[in-house]
Amino acid sequence: MIRRVVLVVLGLIWLGPTYLLLVNASRPAESYDPSRAWVPSGDFALLENFGRALEGANLTQSLASTALYSLVSPLLGVIIGALAGYVIVVLRLRHGFWWFLLIFGGTVFPSQMLLVPLFVGYSDAGLYDSRVGMILIYTAINVPLAAFVLRNFYTGVAFSIFEAARMDGASTWRIFWRIYLPISFTALTAVFILEFTFIWNDLIFGLTLTQTEDVRPVMTAIAGLMTDVYAGTPVPVGLAAGLVVSLPTVVLFLATQRLFARGLSLGSVQ
């Protein structure tokens with residue numbers, strides 16, 4: 001009984017910020033009062049507030065850019081990561097474990113350490129404030145996780161499958177594309193979902209590597225909108241923008257949670 005009470009209390013505390021977000025994002029923009037933030041207004045103005053955010057911060061272009069980054073970069077990332085796992089495990093690359101450490105070792109360093117070199121390098125290479133540059137950095141960030149999961153997955157696949165395909169005359173590329181990639185679909189999907197969520201919610205790289213409205217990610221645009229609160233942007237407008245923009249990742253996870261859990265278990269350490 002005591003355990004249940006503690007869990008309920010902790011759950012309510014954990015849901016407190018979500019409640020505040022829902023209540024204040026749905027209230028009319030001009031009726032926001034910090035002293036009554038916990039009290040529902042009785043009106044539903046979420047869509048109206050989101051419409052004002054779309055117009056005020058030009059979120060349409062940012063949403064389009066974010067959708068592009070969130071689809072293309074994870075797709076490239078999982079394919080490259082799967083290729084890395086295939087070469088290291090199945091083709092038995094010489095010193096494969098050290099190559100894997102080289103690929104995955106970049107995740108040891110905090111992202112903040114990369115910002116200054118990335119900014120300088122992107123500026124020199126002409127990639128700053130470009131969609132190509134954002135796709136490249138997001139892809140590079142996503143490859144290590146995909147390589148980690150797919151390396152572990154391919155370790156559990158019988159090597160006789162590869163030998164049988166080679167005896168039938170299939171090339172190494174054809175074996176990867178027609179056999180190993182399809183059988184790892186569930187693991188690939190799980191990694192794709194994780195990487196999609198990361199890119200959709202990214203703020204730090206968008207702030208550092210973009211500037212114009214048609215290139216910057218949507219979370220960067222919302223952050224700019226929220227900094228204008230004291231310059232005239234009502235708080236409910238910014239909250240409504242953040243709430244609605246976050247819905248795609250929530251819906252995606254809820255719709256694929258069983259596939260996601262199964263994919264991660266398949267790609268767990270053997």
Side-chain angles (χ1 to χ4, degrees), residues 57 59 61-88 93 95-152 187-188 190-227 242 245-246 248-249 252-253 260 264 267 269:
L59 295 183
Q61 295 185 18
S62 296
L63 280 169
S65 296
T66 303
L68 175 66
Y69 306 150
S70 300
L71 293 173
V72 175
S73 293
L75 181 61
L76 293 175
V78 296
I79 291 177
I80 296 173
L83 274 170
Y86 175 73
V87 171
I88 292 172
L93 178 68
H95 306 303
F97 178 74
W98 296 106
W99 282 107
F100 170 72
L101 287 183
L102 178 64
I103 295 172
F104 194 72
T107 61
V108 174
F109 303 101
S111 300
Q112 291 80 355
M113 292 180 61
L114 307 175
L115 297 181
V116 173
L118 275 175
F119 178 80
V120 175
Y122 267 48
S123 298
D124 293 341
L127 293 173
Y128 177 75
D129 197 33
S130 69
R131 288 181 173 177
V132 174
M134 296 304 294
I135 290 175
L136 287 176
I137 184 59
Y138 285 139
T139 301
I141 291 173
N142 290 329
V143 166
L145 175 62
F148 173 75
V149 174
L150 271 301
R151 173 184 174 271
N152 294 329
L188 289 170
V191 176
F192 180 90
I193 295 170
L194 277 176
E195 295 177 348
F196 177 94
T197 304
F198 166 76
I199 295 173
W200 188 275
N201 294 325
D202 173 64
L203 173 64
I204 188 170
F205 290 106
L207 284 174
T208 306
L209 302 177
T210 65
Q211 185 177 14
T212 57
E213 294 180 345
D214 60 336
V215 177
R216 64 184 180 183
V218 68
M219 291 303 172
T220 306
I222 292 177
L225 180 68
M226 293 301 294
T227 58
V245 166
S246 299
T249 57
L252 177 65
F253 179 76
F260 176 77
L264 288 186
V269 178

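For reference, positions follow the sequence shown, starting with 1. The basis for the numbers below is simple: all heavy atoms, side chains too, and nothing from hydrogens, waters or symmetry mates.
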Beyond-backbone contact of [X] with [Y], side-chain heavy atoms, under 4.5 angstrom:
X	Y	value
Thr220	Leu203	yes
Asn142	Val78	no
Phe253	Thr197	no
Leu71	Phe192	yes
Tyr122	Leu136	yes

Donor-acceptor pair, [X] side chain versus [Y] backbone, under 3.5 Å?
X	Y	result
Trp200	Val218	no
Asp129	Val215	no
Ser73	Ile135	yes
Arg151	Phe97	no
Thr208	Phe205	no
Ser65	Asp214	yes

Give, for atom [atom1] of [X] and atom [atom2] of [Y], the distance between the pair rounded to the nearest 0.5 Å.
X	Y	atom1	atom2	answer
Leu102	Phe100	CG	CZ	11.0 Å
Leu101	His95	CG	NE2	13.0 Å
Ile141	Ile199	CD1	CD1	8.0 Å
Ile80	Leu150	CD1	CG	12.0 Å
Tyr86	Leu93	OH	CG	12.5 Å
Glu195	Thr139	CD	OG1	9.0 Å

Please report the shortest heavy-atom distance between [X] and [Y], naming the atom on each side.
X	Y	answer
Pro217	Met134	CG-CE, 4.2 Å
Gln211	Arg216	O-CD, 4.5 Å
Ser70	Pro74	O-CG, 2.9 Å

Are Asp202 and Tyr138 close enough that a side-chain donor and a side-chain acceptor fall under 3.5 Å?
->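 Side-chain D/A pair, Asp202 to Tyr138: present.
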
